S.K.: 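First, the structure itself, so that you have it in front of you.
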Amino acid sequence: MRSLPPADYLTLPGLSCPAAYICVIRDVDSDRYRLQAAARPRDLIDAVLAERARDFGIELLSILESDDIAASEARLYARHHAQLGSDWLSLDAYQLRALKKSELRVNDHGSQYISQVSRSKLEGDGQRPRPAAEQKPVHGTSANRDSRSPPSLTAGRFDPRATRRRSGAQSAQSAQKESTRKGIRQAIDEALTDIWTNHPWKCLLALTLLALLCFVLLTYFCPGHRISCVQ
């Protein structure tokens with residue numbers, strides 16, 4: 001399989017079976033991944049963008065040209081348990097490391113960020129798309145937000161924004177647990193204060209019974225008591 005720059009996806013020619021392209025795509029909104037074969041990458045990207053509306057676009061991570069797509073898919077499955085299809089996959093840290101080391105070769109070239117807005121501009125201007133690493137963030141109206149470059153695969157699920165979100169969630173959970181513990185302690189303190197204030201005779205009776213119980217236990221289990229009984 002030959003690795004091709006994702007930035008060239010618009011100009012790559014169509015292939016006839018058994019040859020095909022294998023594309024690795026990341027959905028920036030959901031941080032999920034897709035491994036799919038296509039006769040032409042441009043047609044696949046059009047289909048993915050048309051599936052649903054996104055706040056951001058997608059990231060084309062890798063394009064592989066295969067002379068025999070069936071053989072390539074069988075080899076990917078045998079070596080990495082990777083199957084081609086239209087499903088979006090949620091990858092954990094281990095799977096992301098395996099993806100970067102696999103034959104899909106996602107680190108050979110810079111990834112290409114694609115959105116409906118940027119795609120329309122490129123087609124209207126007849127310009128060649130630039131890799132995501134070369135694109136500059138664009139700030140301004142909501143119509144221009146899709147032009148911002150997303151995190152690359154090297155950041156992936158561990159980009160600073162995701163880390164801050166996880167840290168905030170953990171802090172909220174810790175605060176909730178601490179609040180629950182304080183609530184339990186406060187409820188116990190209030191109950192004891194209420195009994196002592198409104199029913200002091202109950203507290204005195206409980207203390208007297210406790211003292212009698214301790215006296216009986218000490219008297220019964222005292223070694224001196226046993227010796228006196230034997231004598």
Side-chain angles (χ1 to χ4, degrees), residues 1-28 30-51 54 56-116 118-123 125-135 149-159:
M1 293 184 289
R2 185 166 64 101
S3 178
L4 303 173
D8 295 339
Y9 78 96
L10 282 174
T11 59
L12 292 176
L15 298 178
S16 300
C17 190
Y21 298 100
I22 298 175
C23 298
V24 183
I25 303 170
R26 173 177 173 250
D27 186 334
V28 179
S30 63
D31 198 18
R32 293 185 299 171
Y33 297 81
R34 184 163 166 173
L35 315 176
Q36 191 167 355
R40 193 167 66 160
R42 176 175 183 167
D43 296 339
L44 175 59
I45 296 302
D46 288 342
V48 172
L49 290 176
E51 285 178 353
R54 292 178 172 83
F56 298 93
I58 59 176
E59 189 178 10
L60 182 57
L61 301 173
S62 174
I63 301 177
L64 295 177
E65 183 181 5
S66 171
D67 295 331
D68 189 336
I69 188 62
S72 297
E73 183 176 11
R75 188 169 64 182
L76 286 172
Y77 183 79
R79 295 186 180 183
H80 311 289
H81 293 282
Q83 290 181 301
L84 305 182
S86 59
D87 295 332
W88 291 102
L89 309 174
S90 297
L91 305 183
D92 56 25
Y94 174 81
Q95 291 168 326
L96 283 173
R97 288 195 297 269
L99 172 64
K100 288 186 283 187
K101 295 177 181 179
S102 71
E103 290 182 290
L104 294 170
R105 298 163 64 177
V106 296
N107 289 332
D108 280 9
H109 306 281
S111 63
Q112 177 64 39
Y113 176 58
I114 310 166
S115 68
Q116 290 285 8
S118 62
R119 178 63 182 275
S120 300
K121 288 181 179 179
L122 289 171
E123 290 181 344
D125 299 340
Q127 298 177 355
R128 178 179 179 273
R130 292 184 299 170
E134 300 178 5
Q135 296 177 355
S149 298
S152 65
L153 183 65
T154 55
R157 298 167 65 90
F158 305 102
D159 58 73

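In this text the structure is predicted, and so the values were computed from the model without any measurement. The first residue of the sequence shown is numbered 1, and numbering continues consecutively from there.
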S.K.: Provide the closest heavy-atom pair for Leu64 versus Ser3 in the form atom of the first, atom of the second, distance.
M.R.: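 The answer is CD2-CA, 3.6 Å.
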S.K.: Determine, for Asp27 against Arg54, whether the closest basic-nitrogen to carboxylate-oxygen distance falls under 4.0 angstrom.
M.R.: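 Here Asp27 pairs with Arg54 in a salt bridge, since their nearest N and O are under 4.0 Å apart.
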S.K.: In Å and rounded to the nearest 0.5 Å, what is the OG1 to CG distance from Thr11 to Leu4?
M.R.: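 Thr11 OG1 to Leu4 CG: 9.5 Å, rounded to 0.5 Å.
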S.K.: Between the side chain of Gln95 and the main-chain N/O of Asp92, is any donor-acceptor distance below 3.5 Å?
M.R.: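 Between the backbone of Asp92 and the side chain of Gln95 there is a qualifying donor-acceptor contact (under 3.5 Å).
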S.K.: Go through the structure and list residues passing salt bridge (charged side-chain N to carboxylate O under 4.0 Å, His left out) with Glu65, not counting sequence neighbours.
M.R.: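 With sequence neighbours excluded, Glu65 shows a salt bridge (charged side-chain N to carboxylate O under 4.0 Å, His left out) to Arg2, given in chain and number order.
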S.K.: Would you say Ser90 and Arg32 make side-chain contact, with heavy atoms under 4.5 Å?
M.R.: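 Ser90 reaches Arg32 side chain to side chain.
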S.K.: Quick one, Tyr21 with Tyr9, criterion side-chain contact (heavy atoms from CB on, under 4.5 Å). Give me CA distance, side-chain angles, the key distance, then yes/no.
M.R.: CA-CA 10 Å; Tyr21 298 100; Tyr9 78 96; over 6 Å; no
S.K.: For atom CG of Asp43, is the number of surrounding heavy atoms from other residues, nucleotides or ligands below 6.0 Å larger than 12?
M.R.: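 Atom CG in Asp43 is crowded, with more than 12 foreign heavy atoms closer than 6.0 Å.
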S.K.: Would you compute the distance between atom CG of Asp108 and atom CG of Leu61 and round it to the nearest 0.5 angstrom?
M.R.: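 Asp108 atom CG to Leu61 atom CG measures 12.0 Å (nearest 0.5 Å).
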S.K.: Let's go through Leu44 and Ile25 carefully: what are the C-alpha distance in whole Å and the side-chain angles of both, what is the deciding distance for side-chain contact (heavy atoms from CB on, under 4.5 Å) to 0.1 Å, and is it a yes or a no?
M.R.: CA-CA 10 Å; Leu44 175 59; Ile25 303 170; 4.1 Å; yes
S.K.: Could you tell me whether the side chain of Tyr33 and the main chain of Val24 form a donor-acceptor pair under 3.5 Å?
M.R.: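 Not at all, since once roles are kept as given, no pair shorter than 3.5 Å links the two residues.
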S.K.: What's the spacing between Arg34 CZ and Ile58 CD1 if we round to 0.5 Å?
M.R.: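 Result: 8.5 Å between the selected atoms.
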S.K.: Looking at Arg105 and Met1, would you say the former's side chain and the latter's main chain have a donor-acceptor pair under 3.5 Å?
M.R.: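 Yes.
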S.K.: Quick one, Gln83 with Leu35, criterion side-chain contact (heavy atoms from CB on, under 4.5 Å). Give me CA distance, side-chain angles, the key distance, then yes/no.
M.R.: CA-CA 7 Å; Gln83 290 181 301; Leu35 315 176; over 6 Å; no
S.K.: Do you know the tightest heavy-atom contact between Arg40 and Gly14?
M.R.: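 The answer is CD-N, 4.0 Å.
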S.K.: Has Ser72 got a side-chain atom pairing as donor or acceptor with Ile69's backbone, closer than 3.5 angstrom?
M.R.: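 It does not hold such a pair.
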S.K.: side-chain contact (heavy atoms from CB on, under 4.5 Å), that's the test. Do His109 and Ser62 meet it? Break it down for me.
M.R.: CA-CA 7 Å; His109 306 281; Ser62 174; over 6 Å; no
S.K.: Just verifying a value: how many Å separate Ile114 CD1 and Arg42 CZ, rounded to the nearest 0.5 Å?
M.R.: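 One gets 11.0 Å once the value is rounded to the nearest 0.5 Å.
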S.K.: Specify the closest pair of heavy atoms between Arg26 and Trp88, including all atoms of both residues, with the distance to one decimal.
M.R.: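 Closest approach of Arg26 to Trp88, heavy atoms only: C-CZ3, 4.3 Å.
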S.K.: Which distance, rounded to the nearest 0.5 Å, do you find between the CD of Glu103 and the CG of Leu76?
M.R.: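 Atom-to-atom, Glu103:CD and Leu76:CG are 6.0 Å apart.
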